[in-house]
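We name chains A, B, ... by the order of the sequence lines, and we start the count at 1 in each one. Just the heavy atoms: all of them, side chains too, but no hydrogens, waters or symmetry mates, feed the values below.
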Number of protein chains: 2
Amino acid sequence: MIENGFSFVEENYIKAVYHLNTQDGKPVSTNALADEMQTTAASVSDMLKKLSQKKVVFYQKYKGASISPKGKEIALKVIRKHRLWEVFLVDQLKFNWDEVHEVAEQLEHIKSPLLISRLDEFLGYPKYDPHGDPIPDEDGNFAQVKKEPLSVVEIGSSCQVIAVDDSSTAFLKYLDKMGISIGTKLRVEDKNEFDGSIDINLENDKSITVSPRAAENLLVATD
Amino acid sequence: MIENGFSFVEENYIKAVYHLNTQDGKPVSTNALADEMQTTAASVSDMLKKLSQKKVVFYQKYKGASISPKGKEIALKVIRKHRLWEVFLVDQLKFNWDEVHEVAEQLEHIKSPLLISRLDEFLGYPKYDPHGDPIPDEDGNFAQVKKEPLSVVEIGSSCQVIAVDDSSTAFLKYLDKMGISIGTKLRVEDKNEFDGSIDINLENDKSITVSPRAAENLLVATD
DNA sequence: GATACTATTTAGAATAATCTAAAAAAAATA
DNA sequence: TATTTTTTTTAGATTATTCTAAATAGTATC
Ligand SMILES: [Mn+2]
Ligand SMILES: [Mn+2]
Ligand SMILES: [Mn+2]
Ligand SMILES: [Mn+2]
C-alpha cells in the first residue's frame, strides 16, 4: 500500500501521536506511545525516526514527538474515516455503540476519497460519531464543544452527556446497563467522600450512583 | 493481521488460485498466477510453497497449483465480501459499476463476520453483484446460471445480458456508451465475417454493432 | 555531586513479502 | 535423441515491521 504514501501501521502511529500530543500539548513520550500502540519502546523509537524523516512528526531523541502540520492533516483524515464508518455501523447496520471500534479501526485505512465523500453524503453529513466525538470535514475542521468530565461538575449542577472518553466495550456496556447514553440529561446530587463515587439524578427521575472511574470518562456539557 | 490467519496478500493469492483453477479445472501455472497477481514468477513460487504448507492449495514443484477445500472456503468468503461491497457501493452510494472494483478489492479484506452478515441483511440479501456475478452465501453456495459469451450465440437467437467477463473500467464504459447493461435483452442479427463483429438489435429496437472482443466478454443467457 | 533508577535508544535478529539473477527442470524443435 | 527455448525454482538481497537484550541518556535520591 503505497498509494497515499502511508501504510496502515504508519497511519495508526500518526493517529496516536496526534491524539496524545493534542491532549496536553506536550511532546509524547516514547513509552506513552508504546503503551497506546501496545508495542515496545524500541519499536516506537524506530517508527518515530521514520515518521520524522517523512515529516509527519517532529522528533528529537530523548525528547519525545509532536505532530507536524502534515501529520495532523493525515491524522484528521483517518479520524474522519473512522468516525464516519462508526456512524454507518450504528445508524445503518444496527451495531451497538460498543461493537464498532475494532471494525472502524480496520475500515479507517481504506483509501478512496470518493467512497468517503459518498458515505458522508449517504449518512447525512453527521457531525458526531456514536461516542459523541466530532467528525472532521474534508478540510479537517470540526466542532469544538467544551466538555468536562462528570467528575468535576459541582453538586446541584445539571448537565448533558455529550461524549465518552473511553470507548471500550466494558465501559459502554456499563453505561448501557446504567441507562446512560449520549444526550442523557442529569443532575449531580451528591459526591461521596468515601470513594469518590457520584450520585446523579436522571431524566426519568431515577437516582443512581456512578463510580469515580466512570465519572472521569463521562464527558458532559454543563447548562 | 493474524486474526483469521491470512494476510491481505495471502487472501489475494488464494482468490487468484481459486479463480484460475476453477475456470478450466487444470492446475494453475506459476506464470499464469504471476500474470494475474502482477508480480514475478519467483514471488509466486515462494508464496505457493507457503500456501501449500498452510494447506489452502495443493502444489507440486513444476506442476502448478490447485485450490484445496480449505482454500476454496476462504476464497468464497473473500469473494462474498467483495461482491456484497460492490452492491453496497452501487446501490447505496451511487457508484457507477465501473468504479467499484478497486475499492472492493480493499474492502474484501475487512475481518468482521458481524459486519458482513449485517451488510447482507441491509442490502436485502442480493444474489448477484453489479457485474452479474453470483454472491456466495455464508456457506459458500451460490446460483449457478449457465451463461455463454455473446460471441457463440447463433444468428437470429434472442438472449439477455446476465454478466460481464471483464470488469475493467474501459469495457464497462464502452458498454455504458453502447447502452448495454446487466438485464439488457437483445437479438443477434448478423455476424460479420470480415472482422468477427456482431450486429445486435436491442430492446428499443435500435441496432448496433459490437466488436468481437466485446462479444467475448458479454455473457448472456439464451431464451 | 555520586549513585541508583527509569526512560530511551541502538544492536542484532526474526518474519513477511518482494525482486533480480542464476540454476534447474520441462517442453518444444530440429 | 540432441539442442534450443520456456518455465519454474532457488539463491541472495531488500524493505517494512517487530522484538529482545544491551548500551546510553536523563532524572531522582542521598
Ligand atoms: Mn487502525
Ligand atoms: Mn468513536
Ligand atoms: Mn484484494
Ligand atoms: Mn464484481
Side-chain angles (χ1 to χ4, degrees), chain A residues 1-17 20-21 24 26-67 71 74 78 105-106 108-109 111, chain B residues 1-17 20-21 24 26-67 71 74 78 105-106 108-109 111:
Chain A
M1 273 83 189
I2 318 174
E3 292 90 41
N4 102 339
F6 292 93
S7 70
F8 288 18
V9 172
E10 289 171 326
E11 286 188 346
N12 284 336
Y13 270 95
I14 293 168
K15 203 170 48 138
V17 172
L20 296 174
N21 178 231
D24 46 22
K26 286 187 271 289
V28 189
S29 76
T30 300
N31 266 354
L33 218 36
D35 189 63
E36 173 81 11
M37 300 295 295
Q38 309 238 80
T39 185
T40 63
S43 298
V44 172
S45 266
D46 288 344
M47 186 56 79
L48 285 180
K49 212 172 297 164
K50 182 162 49 143
L51 294 180
S52 173
Q53 285 194 310
K54 292 195 175 186
K55 310 233 183 278
V56 290
V57 306
F58 298 127
Y59 169 60
Q60 291 186 97
K61 286 203 282 194
Y62 296 103
K63 298 198 161 184
S66 52
I67 198 78
I74 293 163
V78 175
E105 205 57 46
Q106 297 178 60
E108 71 187 2
H109 304 292
K111 265 89 173 178
Chain B
M1 273 86 188
I2 318 174
E3 293 87 44
N4 102 339
F6 293 93
S7 70
F8 288 18
V9 173
E10 288 172 326
E11 286 188 345
N12 285 336
Y13 270 95
I14 292 168
K15 202 170 48 135
V17 172
L20 296 174
N21 179 231
D24 48 22
K26 287 186 271 288
V28 189
S29 76
T30 300
N31 266 353
L33 219 36
D35 189 63
E36 172 82 9
M37 299 296 295
Q38 310 237 80
T39 185
T40 63
S43 297
V44 172
S45 265
D46 288 344
M47 185 56 79
L48 285 179
K49 213 172 296 164
K50 182 164 49 145
L51 294 180
S52 173
Q53 287 195 310
K54 293 195 176 186
K55 309 233 184 277
V56 290
V57 306
F58 298 127
Y59 170 62
Q60 290 185 95
K61 284 203 284 192
Y62 297 103
K63 298 197 160 185
S66 51
I67 197 79
I74 292 164
V78 175
E105 206 56 45
Q106 296 178 61
E108 70 186 2
H109 304 292
K111 266 90 172 177

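Here salt bridge (Lys or Arg N to Asp or Glu O under 4.0 Å) pairs that include residues 54-65 of chain A, with residues two or more places apart or in two chains, are A/Glu10-A/Lys54.
Rounded to whole Å, the distance from CD on A/Gln53 to P on D/dA16 is 11 Å. Nucleotide D/dG12 holds its C1' atom 12 Å from the CG atom of B/Asp46, rounded to whole Å. Taking atom CZ on A/Phe6 and atom P on D/dA16, their separation rounds to 12 Å, with Å as the unit. Nucleotide C/dA16 holds its C1' atom 9 Å from the NZ atom of B/Lys54, rounded to whole Å. One atom, CG of B/Leu48, and another, C1' of C/dT18, lie 14 Å apart when rounded to the nearest Å.
Applying a 4.0 Å cut-off to non-hydrogen atoms, the residues of residues 56-64 of chain B that approach DNA chain C are B/Tyr62, listed by residue number. Sorted by residue number, the members of residues 35-44 of chain A with any non-hydrogen atom under 4.0 Å from DNA chain D read A/Thr39, A/Thr40, A/Ala42, A/Ser43.
Across A/Phe6 and A/Val56, no two heavy atoms sit closer than the pair CZ-CG1, 3.6 Å.
Contact annotation for B/Ser45: base contact, defined as any heavy-atom pair under 4.0 Å involving a base atom.
When side chains are defined from C-beta on, B/Leu33 counts as touching B/Leu48, because their heavy atoms get closer than 4.5 Å. Using a 4.5 Å cut-off on side-chain heavy atoms (C-beta onward), B/Asn21 and B/Phe58 make no contact. Under the 4.5 Å side-chain criterion, counting only non-hydrogen atoms from C-beta, B/Glu11 is not in contact with B/Glu108. A/Met47 is not listed as a side-chain neighbour of A/Met37, based on a closest heavy-atom distance of 4.5 Å or more.
How far CG of B/Asp46 is from OG1 of B/Thr39: 9.5 Å, rounded to the nearest 0.5 Å.
Ring orientation note: the planes of A/His109 and A/Phe8 are close to parallel, at an angle under 30° on the 30°/60° scale.
Comparing C/dT18, D/dT10, C/dT10 against the side chain of B/Met47 picks out C/dT18 as the nearest.
For the pair B/Asn31 and D/dT8, the criterion of a side-chain N or O lying under 4.0 Å from OP1 or OP2 is met.
Nearer the 5' end of DNA chain D, as judged by each residue's closest nucleotide, is the contact made by B/Ala32, out of B/Ala32 and A/Tyr13.
Checked options B/Ser66, B/Pro27, B/Ser52; the residue passing with B/Tyr59 is B/Ser52 (criterion: side chain to side chain contact (heavy atoms under 4.5 Å, CB included)).
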